[in-house]
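Presented below is the structure to which this report refers.
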Amino acid sequence: MQTINRLDTLRSALEKLAAEGPVALVPTMGALHSGHLTLVRAARARAAHVVVSIFVNPRQFGAGEDLDAYPRQLAADAALLRAEGVAVLWAPDAATMYPSGYATNISVGGVSDGLCGAARPGHFDGVATVVCKLFNQVRPDIALFGEKDWQQLAVIRRMARDLDLTQPHVDAIIGAPIARAEDGLALSSRNAYLTPQERAQAPTLARAMQAAIAAIHGGAPVAGTLAELEQALLAGGFSAVDYAELRDADTLAPLAERGTGPARLLVAARLGRTRLIDNMAA
Ligand code: PAF
């Protein structure tokens, strides 16, 4: 595995790899866990070569968020990726990604609004901007993202469609199912912030969501069920619920009632200093 942090070196390495077959990109911010490795394995099954990017993107963190605290462990991450047969670890620094004078922002309307977009203003502009740059830097045939960030995936697909991207084409942007711990907690690099007591409380989120989905499928009114879900989280030790919403799975349009199309329950809630997000088919 080559670890590369210069764009010209990346381009020459990719020229050789692309000549040998399809290239897959797995964009990450590092602090890799088994969910990321599942993505890497899915990428390896689909492409001749896998490129993983690790870049803690300052533009997607708001003032007062955890940019400085975000776990950084490049050497350990590189060892994991080497063992998975990754061809290239693309690890640019901030000056390479956003050189002096950088002035361009990508803002995706509609799907960026509400949910995490409301609690984290500017977050999805930062995500869309860096992912567009990563796509242009690597020019992958396919790209894989975890479904834990369901809204992020919708934003990236919208961007790829709207900007007529071809590498990757929107249809080659693949979402991988959420990797969960045995107790149901969705895997996340931010789970590292949880104290042992909070880690024990955290699975309440997935359990309360499953109960809400069962209630909605059983005919319970959506608004009342979501209010009960919030109460269950607060009773279970969460300090605040940023949102608990039923949305159309594709457009993310709010759903007051469960219709016939695919729906998604999306929740963000705070446990101590950690903000946990999760989503499930509903
Ligand atoms: O999901 C993430 O880790 C990040 O938002 C991403 C897609 C790598 C962009 O920085």
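For reference, positions follow the sequence shown, starting with 1. All ligand and atom numbering here is 1-based and tracks the order in the structure.
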Val130: numbered ligand 1 atoms lying under 4.0 Å from its heavy atoms: 9 (C), 10 (O)

Check ion pair Arg120-Glu65 (N to O, under 4.0 angstrom): yes

Salt bridge flag under 4.0 Å for residues Arg199 and Asp183: yes

Numbering as shown, the atoms of ligand 1 that approach Thr28 to under 4.0 Å (heavy-atom distance): 8 (C)

Arg59 bridged to Asp125 by N-O distance under 4.0 Å: no

Pick from Gln60, His123, Met97: the one approaching atom 9 (C) of ligand 1 most closely through a non-hydrogen atom: Gln60

Protein contact to atom 7 (C) of ligand 1 [nearest heavy atom, distance to 0.1 Å]: Gln152 NE2, 3.5 Å

Polar contact flag, side-chain donor to acceptor under 3.5 angstrom, Asn57-Tyr70: no

N-O pairing of Arg180 and Asp278 below 4.0 Å: yes

Ligand-residue contact atoms, ligand 1 with Pro27, heavy atoms, under 4.0 Å: 8 (C)

